[in-house]
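Below, read A as the first sequence line, B as the second, and so on, with proteins coming before strands; counting in each chain starts at 1.
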Amino acid sequence: MNYWLVKSEPETYGWHQFIEQGRAVWDGVRNYQARNNLKAMQLGDQVLFYHSVTNPCVVGLATVVRESYPDPTEVVTLSKDGVTPKPTQWVVVELEPVLALENPVSLAQIKAEPLLANMALVRHSRLSVMPLTVDEFELILAMGQKPVGNE
DNA sequence: GCCAACGTTGGC
DNA sequence: GCCAACGTTGGC
């Protein structure tokens, strides 16, 4: 079992849309490090869903329901001979929602927590798919399920 | 809306 | 292979 965090801009694809659809094809990732993380995801892995840009916070928990396969949104390009398609290089996974956090865990809270200081979210703010340690994962989940005002 | 950080591209 | 220019992401 592995633990991950994925980012999405709520204006583009937010948690509520994810809930309505009940399943998401996590496409459009165009960064090698993030892609390698997608490839490493396994069925049943736990994935925190993070809203970036607007009120940045972890809003929910998802799980991997299909492992990586070529990204259908990738534009197919041809090799120099003009005939052979280049192998696709980007991948997607499919996710399903598990639960919404009662209290979204803000980036400010994460930054204020010394145990979370090593997260890629803090150290490499532009990475959109990142691994978490089990401790980081469980701590954020616990923070998100505490009653309001009890930090 | 601004800006810093980072990744990618292209000229040399 | 280096580096400047540029585009994008994301925090504030």
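- Partners of A:Glu96 by side-chain hydrogen bond (donor to acceptor under 3.5 Å, both in side chains), not counting sequence neighbours, listed by chain and number: A:Arg23.
- With hydrogens and angles left out, the side-chain atoms of A:Asp45 and A:Trp4 include a donor and acceptor closer than 3.5 Å.
- Inter-axis angle, ends of the helix from B:dG1-C:dC12 to B:dC12-C:dG1, five pairs per end, rounded to 10 degrees: 10°.
- Listed by first then second residue, pairs satisfying ring-ring contact (aromatic ring centres under 6.0 Å, His included) with a partner in residues 88-109 of chain A read A:Tyr32-A:Trp90, not counting sequence neighbours.
- Between A:Tyr32 and A:Ser125, the one whose closest nucleotide on DNA chain B sits nearer the 5' end is A:Ser125.
- In terms of the side-chain contact (heavy atoms from CB on, under 4.5 Å) criterion, residue partners of A:Leu43 (sequence neighbours excluded) are, by chain and number, A:Glu67.
- Side chains of A:Tyr3 and A:Glu138: no donor on one and acceptor on the other come within 3.5 Å.
- Chain A approaches DNA chain B over the interval B:dA5 to B:dT8, counting the first and last nucleotide 5' to 3' with an atom under 4.0 Å from its heavy atoms.
- Along DNA chain B, the nucleotide closest to A:Arg123 and the one closest to A:Val53 are compared, and the more 5′ of them pairs with A:Val53.
- A:Thr54 and A:Glu9 form no side-chain donor-acceptor contact under 3.5 Å, judged by distance and modelled atom types alone.
- By the 4.5 Å side-chain criterion applied to Ile, Leu, Val, Met, Phe, Trp and Tyr, A:Val53 is assigned to no cluster and stands alone.
- Looking only at atom types and distance, the side chain of A:Thr73 has a donor-acceptor partner in the side chain of A:Asp71 under 3.5 Å away.
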